[in-house]
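Data block below; observations after.
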Amino acid sequence: MLMDDNTIAQIARPGTSLKLPGTGQGAPSAGVRPTTQGGRPLSGFARPGTQGRPGTMEQALRTPRTAHTARPVTSASGRFVRLGTASMLSNPDGPFINLPRLNFTKYAQRQTLAKALFEYIFHHENDVRNALELASLATEACQFKDWWWKVQLGKCYYRLGLYREAEQQFKSALKHQDMVDIYLYLCKVYTRIDQPLTAVEIYKQALEKFPGETAVLTGIARIYEGLNDLPNATKFYKEVLHYDNTHVEAIACIATNYFYSDQPEIALKFYRRLLQMGVYNTELFNNLGLCCFYAQQYDMTLNCFERSLNLSTDDSASSDCWYNIGHVALGIGDMNLAYQSFRLAITFNNDHAEAYNNLGVLELRKGHMEQARAFFQSAQMLAPHTYEPFYNFAALSDQVGDLQSSFNNAKKSVTNYAEHCDSQELFKQLRKHFSIL
Amino acid sequence: MPDNKGTFREVLPKQGMLYQEDIPTTVLCKPKLMALKSVTLEKLEKMQKNAQETVKQQELMQQMDQGSLMGPPQSGLPEF
């Protein structure tokens with residue numbers, strides 16, 4: 001399309017785009033901290049908007065189908081499918097309000113009713129088109145002077161993917177009324193059109209108007225986390241804690257950061273704080289268990305994992321928990337327990353790539369080449385963004401003399417994680433070998 | 001250990017070949033901290049679960065209704 005408003009430069013400069021995560025200066029490397037598919041470090045907190053977002057179409061196609069859904073979770077479907085749950089249910093007496101038969105012009109005149117009606121259509125019925133129609137009629141009816149309708153219009157445009165229009169509405173609403181909400185929505189738009197730095201700027205404007213607003217501070221921290229700028233993210237999360245010392249997200253993210261930067265005992269302190277605050281779920285106990293183990297508090301480790309398993313309600317959580325127990329078993333040298341734990345991790349979640357990789361390593365130690373190879377291959381298929389299975393496969397192939405596949409896999413390993421020394425070494429060696437031929 | 005000071009000494013060969021072989025080891029995937037879920041997310045998941053269950057029940061009810069309309073199975077039909 002020529003002269004498209006939404007088109008921006010194809011390749012972003014480093015550090016300015018969420019699609020190309022930054023270099024991660026000062027952050028733990030991918031060798032220590034697991035990454036998501038987009039190459040960003042795993043966050044310590046799951047939010048509705050940020051779960052698994054494959055960046056490109058190609059990535060979305062490559063995304064393995066999980067046990068939960070048949071289709072990969074795309075940015076478009078991930079959140080909004082969830083929100084329409086109420087509209088999925090059919091009522092035996094027909095719908096509460098028959099939308100196609102409503103005369104929107106009439107209701108748009110009655111402001112108080114229109115607002116309630118809009119919220120019903122937008123949130124309960126999940127019918128964005130009709131909601132947009134009502135909102136545009138209503139904003140006309142009040143001579144474009146009501147900021148509330150502008151915000152709702154912006155929300156509708158956002159849901160329809162018309163980001164520039166949404167941006168205009170939010171900006172115009174801000175002229176009437178300074179609200180934290182509007183700033184947050186505006187930044188959401190900027191994040192969506194991949195302009196994180198503009199979003200940070202807007203957040204900072206909001207901070208000037210509303211100093212110490214934790215929602216805004218969290219927003220900045222999230223963006224820095226997305227940009228792989230962890231020192232800055234931690235700085236802002238700490239500032240959040242300065243104003244609100246029970247902020248679960250901030251505590252969790254800081255703890256994760258400490259854990260992966262080799263300070264599990266400090267991470268343990270943060271997680272214990274969460275426990276004190278009354279968070280009581282499988283994830284927290286799993287993390288506590290891991291922190292205890294790596295902070296050498298062995299008496300608590302297995303108790304924590306036991307509790308975590310007891311509290312777990314879905315299979316993927318149990319799977320992750322068993323995977324971590326496998327690590328503890330490896331740490332104490334109990335190979336049988338480790339093997340069985342990783343097996344259980346796979347039983348609970350058939351797509352657990354890391355467990356496949358570790359099983360492959362264990363099989364290789366036992367000298368079962370073929371089985372190890374099969375495990376590495378499954379791990380590669382399920383997690384094409386990791387480097388471990390590729391490197392392991394390359395090393396294995398190199399040992400048995402299959403140099404061609406060793407070369408191919410070493411290459412992929414280097415692409416996925418350029419700083420890995422052993423991969424580089426192997427790759428260099430093989431390239432030299434082939435160039436001599 | 002002041003007594004043993006003279007008896008044991010470390011030996012560092014100053015001559016001869018020094019061999020160094022780098023044996024590549026396999027890499028394990030790292031332990032994974034689980035992301036804590038936000039309250040909103042938990043609520044959404046709960047809502048979705050409830051809605052799905054209600055839909056399932058509605059479908060079951062419909063099937064039951066259809067089943068009862070067709071009447072009881074006739075005895076004259078051959079059994080498989």
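Nothing here was measured: the structure is a model prediction, and the numbers come from that model. Lettering follows sequence order; numbering is per chain, from 1.
- Tyr294(A) and Pro31(B) make their closest contact through OH-CG, 3.6 Å (heavy atoms, listed as atom of the first residue, atom of the second, distance).
- Taking chain B as the reference chain and counting heavy-atom pairs below 4.5 Å, the highest number among Thr386(A), Val361(A), Thr282(A) is found for Val361(A).
- Judged by distance alone, the side chain of His327(A) and the main-chain N or O of Lys32(B) form no donor-acceptor pair under 3.5 Å.
- With a threshold of 4.5 angstrom between heavy atoms, Leu284(A) approaches chain B through its backbone and through its side chain.
- Residue Leu396(A): no heavy atom, backbone or side chain, is found under 4.5 Å from chain B.
- Interatomic distance, NZ of Lys30(B) versus CG of Leu42(A), reported as 13.5 Å (0.5 Å rounding).
- In this structure, chain B has no heavy atom under 4.5 Å from any part of Phe293(A).
- Per-residue heavy-atom pair counts under 4.5 Å with chain B were compared for Ala252(A), Gly289(A), Gly44(A), Cys421(A), and the maximum is reached by Gly44(A).
- Residue Lys366(A) qualifies as enclosed at atom NZ: its count of foreign heavy atoms under 6.0 Å is above 12.
- Residues passing the salt bridge (Lys or Arg N to Asp or Glu O under 4.0 Å) test with Arg33(A): none are found, sequence neighbours excluded.
- Sorted by first then second residue, the salt bridge (charged side-chain N to carboxylate O under 4.0 Å, His left out) pairs that include residues 246-257 of chain A, not counting sequence neighbours, are Arg47(A)-Glu249(A), Arg222(A)-Glu249(A).
- Contact tally against chain B (heavy-atom pairs below 4.5 Å) for Asn281(A), Leu290(A), Leu426(A): the top residue is Leu290(A).
- Proximity to chain B is absent for every atom of Leu362(A), based on heavy atoms less than 4.5 angstrom apart.
- With contacts defined as side-chain heavy-atom distances shorter than 4.5 Å, the pair Asp314(A)/Glu45(B) does not qualify.
- Each of Leu330(A), Asp422(A), Leu274(A), Asn324(A) has some count of heavy-atom pairs under 4.5 Å with chain B, and the biggest count is that of Asn324(A).
- Heavy-atom contacts from other residues, nucleotides or ligands closer than 6.0 Å to CE of Met277(A) number more than 12.
- Shortest non-hydrogen contact noted between Ala46(A) and Ala35(B) is N-CB, 3.7 Å.
- For Asn286(A), the part sitting under 4.5 Å from any heavy atom of chain B is the side chain, from C-beta outward, and nothing else.
- Neither the backbone nor the side chain of Ala267(A) comes within contact range of chain B; no heavy atom of the residue lies under 4.5 Å from a heavy atom of that chain.
- In this structure, chain B has no heavy atom under 4.5 Å from any part of Asp398(A).
- Shown here is Arg273(A), whose CZ atom has more than 12 heavy atoms of other residues, nucleotides or ligands within 6.0 Å.
- Most heavy-atom pairs under 4.5 Å with chain A: of the set Thr25(B), Leu28(B), Leu36(B), this distinction falls to Leu36(B).
- Looking at Tyr271(A), the atoms closer than 4.5 Å to chain B (heavy atoms on both sides) all sit in the side chain, from C-beta outward.
- Only the side chain of Asn357(A) comes within less than 4.5 Å of a heavy atom in chain B; its backbone stays farther off.
- In terms of heavy atoms, Leu33(B) sits closest to Tyr260(A) at N-OH, 3.0 Å.
- We find the OG1-CD distance between Thr26(B) and Gln399(A) to be 9.0 Å, quoted to the nearest 0.5 Å.
- With a threshold of 4.5 angstrom between heavy atoms, Ser43(A) approaches chain B through N, CA, C or O but not through any side-chain atom.
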